Amino acid sequence: MSQAASEGSSGGGSVQYIQHHLTNLCVGDCDPVTHQAAGFWALHVDTLFFSILLGALMVFVSYRLGKRLTDGVPGGFQNFVESIIDFVATQVKDTFPGHNPLIAPLGLTIFVWVWLMNFMDLIPVDLLPLIASWFGIHYLKVVPTTDLNTTMAMSLTVFVLIVFYSIKVKGLGGYLKMFLFHPFGKFLIPVNIVMTAIEELAKPLSLGLRLFGNLFAGELVFLLIALLSGGAALGAALLIWFPLQVVLDVGWLLFHILIITLQAFIFMVLTIVYLGMAHTSDH
Amino acid sequence: MNITVTLIAQMAAFIVMIMLVKKFLWGPVSGLLEARQKRIADGLAAAEKGKHEQELAEKRAKETLKESKSQAADIIAQAQKRASEIVEEAKDNARGEADRIVAAANAEIATEVNQAKEHLREQVSVLVMTAASQVLKREIDAKAHEKIIKDVAAKI
């Protein structure tokens, strides 16, 4: 880690090292100098690759497990998966009114997939980019949830579901009425429209930005810790900085296990709560 | 941190993920969990039922035991009653038998006495005849005097 970090810093200092690590592998409409996306038609291939890889892994493991499920005494891995599913099912049962067969699988997908994508954050920050650089790929951001596109894609999907179920349950008239008469009654209709619109839009924004912000910040802290001994020249100073870096890295790693789980959990619970609100006709 | 077409791709990936998870993970496992829950509930219900039945059976056994005890007591009481009855009957029979034996013995004694009397009378008549014939020292026509002798004998 420190070796790669020193490579980064020798290439133009800490800022560039961090900048480099936070740049996606961009294909399409990209800026040739900074390698940032320049327009809408730019594809972040690393984000897509890792998220789909993790998703495929998840589906593959589920498929393998599904073939040897037993309703007798469950084995180790089945037990583990069952406890996760039971956990999600309990959350749905506790917070979601009524019955919708989509909610629990949606919550489960969010919880496990987001957790897996967050988990990429725990892999040493320079390891995968270093391996990629051997294959001629010079920009790689391994944590899909540190890409706003991923988190907003999920929160927007949830938003679409919120609107869909709101209209389905309350009817189009009921949904529009909610904008007109909530929260201040019929005498403040213009204020109500603004307030409710903000409230509704805040749902996907807060969902997506919360996850993105937490993971981005976490990644940034890992990068800063990685810079500690990287900045120091080989010599006596390294004897101080290197142990410090190891201690800090382990500490942040342990703390981050909590954060990634918590963020995945929050995303799931809020999704269930928002969809539950969409399903209650009396807002 | 621009929003790009990646967003659309990720949305598509997310939707596909939801469907796949629903099909391969949620569907089978939640079905399995439900089946297991049902099995456990059934098992618990069966256990409860068994316990209930056992209680009933115990109660019934107790009742049967009580009933048979009282029946046994009845039977013993009846037997005792019957035994005393038999003893009484036997006593009565014995008493009757004794009476009868005594009566028969009495009757026999009476018969013997009569026989002895008859015998004695005959002996006396013979003796009288002999004595008379010796006294008169002459032959007496037994046929002619038979009536007289018999009268005498009857008077003894």
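These figures come from a predicted structure and were not determined experimentally. Here is the naming used below: chain letters follow the sequence lines, and residue numbers restart at 1 for every chain.
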(request) Pull out the residues in residues 6-33 of chain B that come under 4.5 Å of chain A, heavy atom to heavy atom, sorted by number. (result) B:T6, B:L7, B:I8, B:A9, B:Q10, B:M11, B:A13, B:F14, B:I15, B:M17, B:I18, B:L20, B:V21, B:K22, B:F24, B:L25, B:W26, B:P28, B:V29, B:L32, B:L33

(request) Quick one: list whatever passes side chain to side chain contact (heavy atoms under 4.5 Å, CB included) with B:V126, sequence neighbours left out. (result) B:T130

(request) Just give me the residue among A:A56, A:G66, A:S51, A:C26 that pairs up with chain B most often, heavy atom to heavy atom, under 4.5 Å. (result) A:S51

(message) For A:F119, is the CZ atom crowded, meaning more than 12 foreign heavy atoms sit under 6.0 Å from it?
(response) no

(request) Under 4.5 Å, heavy atom to heavy atom: which of residues 93-107 of chain B reach chain A? Give them by number, or say none. (result) none

(request) Give a yes or no on whether A:Y63 atom OH has more than 12 heavy-atom contacts from other residues, nucleotides or ligands under 6.0 Å away. (result) no

(message) Quick check on the structure: residues of residues 67-91 of chain B within a heavy-atom distance below 4.5 Å of chain A, by number.
(response) none

(message) Between A:V61 and chain B, with a heavy-atom cut-off of 4.5 Å, which part of the residue counts as in contact: side chain, backbone, both or neither?
(response) neither

(request) Go through A:L156, A:I52, A:V160 and name the one with the most non-hydrogen pairs under 4.5 angstrom from chain B. (result) A:L156

(message) Looking at A:Q78, I want to see if its CD is surrounded by more than 12 non-hydrogen atoms of other residues, nucleotides or ligands under 6.0 Å.
(response) yes

